[in-house]
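Here is the structure we will look at, set down as structure tokens.
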2 protein chains.
Amino acid sequence: MSQIRILIVEDEPLIAVDIEQVLTDINYEVSGIAFTVDEALHQLQHNTPDAVLLDINLDDEKDGIYIAEIIHQQYQIPFIFLTSHADRHTLDRAKKSNPAGYIVKPFDEKDVLAGLEIALYNHAQKQTQSQPKLSLTNINKKLRHPLTDREFAVLQAIYEGQTNQQMANAMFVSVNTIKTHIANIYLKLDVPSRTAAIAKVRSW
Amino acid sequence: MSQIRILIVEDEPLIAVDIEQVLTDINYEVSGIAFTVDEALHQLQHNTPDAVLLDINLDDEKDGIYIAEIIHQQYQIPFIFLTSHADRHTLDRAKKSNPAGYIVKPFDEKDVLAGLEIALYNHAQKQTQSQPKLSLTNINKKLRHPLTDREFAVLQAIYEGQTNQQMANAMFVSVNTIKTHIANIYLKLDVPSRTAAIAKVRSW
DNA sequence: TAAAAAATCATCCTTTTGGGTGACTATCGG
DNA sequence: CCGATAGTCACCCAAAAGGATGATTTTTTA
């Protein structure tokens, strides 16, 4: 497995080099160091890293959050903020840019390692849970009349896009049985269709 | 709006009181302090807080991650780890328990504030994004034949559980038009049904 | 062990979707 | 001005899904 390549965006050279040292020590590869917004954007485009460490308070008219927004919109890679004196307004903007994590300055080697690992892990989680599974307990928590195991299995299958016939085959029962389960699901969820059911439980 | 109530789980009294001071200073309410796992569980059940600050390295045979797992499974509240000397194995377990955030010790007032705010915000985001919106650009990034604006609007409506007739009414066109759009969507997404379309784009 | 709940299947009928095809109009870029 | 693209609509037919009702068999549980 090849190394994870990280871009550091930090206008203070001493800190930047410091971080670079830490990262290479613990076996990450630093794809580049950008001291300005423009350098960062250039690096992103021409030498795309796997993750970005991003100083919020760049000494530039466009700050780190500006870069964050671009990363969020155009690239699919996680970025972690390095924050020091984040005022409330800056913090608000930062939060909305969907960062994978934060590391609060002043930080030592351990902080960077922990923050980075955790952020990367979380991001990976988000990416790989391509089929976010439904949870029976979570769903039933919200229902007066809880779903039975069988009904839940059917709901799962609906959620995954299966037809009634496919479910019947997979579960070794007749389509009529599936339809009965579905009718009961609709009653309990108070919806009129499979798509409505999906929309309703999606966030549960 | 009432104060956010926070439970502190920390076996070192000096640190615990320290954190309590910080939190009350910045207008959070500390619902309680637990020095042991049992105390923590008791507090959770009988005086349920809105969030938990959780020391990973409790001096107990059951550590903070044990509590984290219970919180994750039984309560819907966010928890933030206070970590100091997290070894790799502990870190691995911690990551899997789905924390809302981390704060690395030694921390000062600013760290706690920033970590807590961010964690709570992220958690709130997760909870409230009941209808995660689809993104045309994200979807088109993955398609050979990109969706048109109109097709995307229809896909959105499908995603929200609408019927063809409802869409037609809402968009002031005939059901036939909607059906044409849907047929084209299926071609481009390479799916045979609305539920399959939903399942396919859900994670995009 | 008797009652309740869950799972199974059927039948009839209606509505919604999906597939295929053709056509008209508006817009935009060369 | 022409061709490509997008948006609109129609008609036909087939397949899938939904609504209502009743019934039988397991399984659970009080």
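Lettering follows sequence order; numbering is per chain, from 1.
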Side chains of [X] and [Y]: does their closest heavy-atom pair fall under 4.5 Å?
X: Lys142(A); Y: Leu189(A); result: no
X: Gln21(B); Y: Val17(B); result: no
X: Leu44(B); Y: Leu7(B); result: yes
X: Ile8(B); Y: Val30(B); result: yes
X: Leu155(A); Y: Leu134(A); result: yes
X: Leu143(A); Y: His145(A); result: no

Check whether any side-chain N or O of [X] sits under 4.0 Å from OP1 or OP2 of [N], and answer yes or no.
X: Thr177(B); N: dC9(D); value: yes
X: Tyr186(A); N: dG18(D); value: yes
X: His181(B); N: dC9(D); value: no

Starting at [atom1] of [X] and ending at [atom2] of [N], how long is that distance when rounded to a whole Å?
X: Gln166(A); N: dA16(D); atom1: CD; atom2: P; value: 10 Å
X: Asn184(B); N: dT8(D); atom1: CG; atom2: P; value: 12 Å
X: Ile185(A); N: dG18(D); atom1: CD1; atom2: P; value: 10 Å
X: Leu187(A); N: dG19(D); atom1: CG; atom2: P; value: 9 Å
X: Asn164(B); N: dC9(D); atom1: CG; atom2: P; value: 14 Å
X: Lys179(A); N: dA15(D); atom1: NZ; atom2: P; value: 15 Å
X: Ile178(B); N: dC9(D); atom1: CD1; atom2: P; value: 9 Å

For [Y], does its backbone N or O pair with a side-chain atom of [X] as donor and acceptor, under 3.5 Å?
X: Arg5(B); Y: Thr48(B); value: yes
X: Glu10(A); Y: Glu12(A); value: yes
X: Thr177(B); Y: Val173(B); value: no
X: His42(B); Y: Asp38(B); value: no
X: Lys200(A); Y: Val191(A); value: no

5' precedence on DNA chain D between Met171(B) and Thr195(B) (nearest-nucleotide basis): Met171(B)
5′-ward residue of the pair Ala183(A)/Ser174(B) relative to DNA chain D: Ser174(B)
Stretch residues 141-150 of chain B: residues that reach within less than 4.0 Å of DNA chain C through a heavy atom: none
Sugar-phosphate only, base, or nothing, as touched by Asn176(A) at under 4.0 Å among non-hydrogen atoms: base
Sugar-phosphate, base or nothing in reach of Thr180(B), heavy atoms under 4.0 Å: base
Estimated bend of the helix from dT1(C)-dA30(D) to dG30(C)-dC1(D) (axis per five terminal pairs, rounded to 10 degrees): 60°
5' to 3' contact window, DNA chain C with chain A (heavy-atom distance under 4.0 Å): dA6(C) to dT11(C)
Within 45° cone and under 6.0 Å: Arg194(B) NZ/CZ vs Tyr186(B) ring: no
